[in-house]
Amino acid sequence: MTSTSVHPDVAETADAIATMEIRGAAAIADAAAGALAAQARESDADTPEALRAELREAARVLYETRPTAVSLPNALRFVMADVEGDDVEDLRQSVLASAESFQRDLDQAQGRLGEIGANRLRDGDTVMTHCHSTDALSCVKAALDQGKHIEAIVKETRPRKQGHITAEQLREWDVPVTLVVDSAARRYLNDVDHVLVGADSIAADGSVINKIGTSGLAVNARDRGTPVMVAAQTLKLHPDTLTGHTVEIEMRDETEVITDEERAEIQGDPDGFDVVNPAFDVTPPRYVDAIVTERGQFPPESVVVLMRELFGSETKRPWEA
Ligand code: RUB
């Protein structure tokens, strides 16, 4: 079976994830679960085996879109973990129920995480954010709902400027926002009470993989004595790191950094330069004060315990035959 045999909704979702129309680890997980449900709902497979093969192929197409956010393979694992059915209709219903329950849990986990994270934020605090994380913003929202006044210094987050999405969301909630370019962050760290970021993946040693620039921000924050809080649902725990695997850092196209005209000029120059565009970086656990999940707040070094409890020692790869 080729990728063209997946349902158009799956192909569309995969394309939207790859091009970052759908972006952010939680949104990617939600979309992947929805796409598996679409494959099951719309399939005209006539045997459970045929439907399983289609689902595997759909999962593979989704899996191959972006490599760093573990929420994507974790979503595929969760949705396909216990699906069963002796006939096509039973199997279809099982996938639909599983995807729905995953999406519901995702939403509830973010709500719970927000309430826990909000306990770290005091009335009158200012947070500094990086990129756009719905998990991080759920902490601010819960603090606002508790009646706290929160302000934000929002890093623009080059090259794709996802900080603007954060700024817009916070303004919608009437949070006073100051937008700064990334290189201005250190200058304003003394004015903030917390650095608040999300995560695409968390490794077994407590390292946090998040949007490029997070690690520099965390190192600067440690230097200034500003606590770094990472808001990340347990879906962001990367089970493969339990067995020594590292998290792949996505390298994106140089066109996110320089224009075609700029590239054309460089190409005419024999001493022209290369452009690299890593989308994420790794913040070692010693720069992180707390990882806030829906299961509570953890020092980064102890997430390994939670990871073992939730994933065990063996992880499945349902996108493989
Ligand atoms: C987004 C990013 C976010 C995490 C967490 O990167 O790094 O901080 O994904 O987001 P990109 P959330 O824009 O490249 O996907 O908390 O919403 O899951």
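Atoms within each ligand, like the ligands themselves, are counted from 1 in listed order.
In this structure, Asp281 contributes its side chain and Ser215 its backbone to a donor-acceptor pair below 3.5 Å. At distances below 3.5 Å, not a single donor-acceptor pair connects side-chain atoms of Arg52 with backbone N or O atoms of Leu91.
Side-chain atoms of Gln110 and Ser138 include no donor-acceptor pair closer than 3.5 Å. Checking Arg41 against His7 by side-chain atom types alone, no donor-acceptor pair falls below 3.5 Å.
Protein residues with any heavy atom under 4.0 Å from ligand 1: Met20, Arg23, Gly24, Ala25, Ala26, Arg66, Cys131, His132, Ser133, Thr134, Asp135, Gln162, Ala199, Asp200, Asn210, Lys211, Lys236, Phe280.
Counting non-hydrogen atoms of neighbouring residues, nucleotides and ligands closer than 6.0 angstrom, the CZ atom of Arg295 reaches no more than 12 such neighbours.
In summary, of the residues considered (Asp200, Asp135, Asn210, Thr293), a side chain to side chain donor-acceptor pair (under 3.5 Å) with Lys236 occurs for Asp135 alone.
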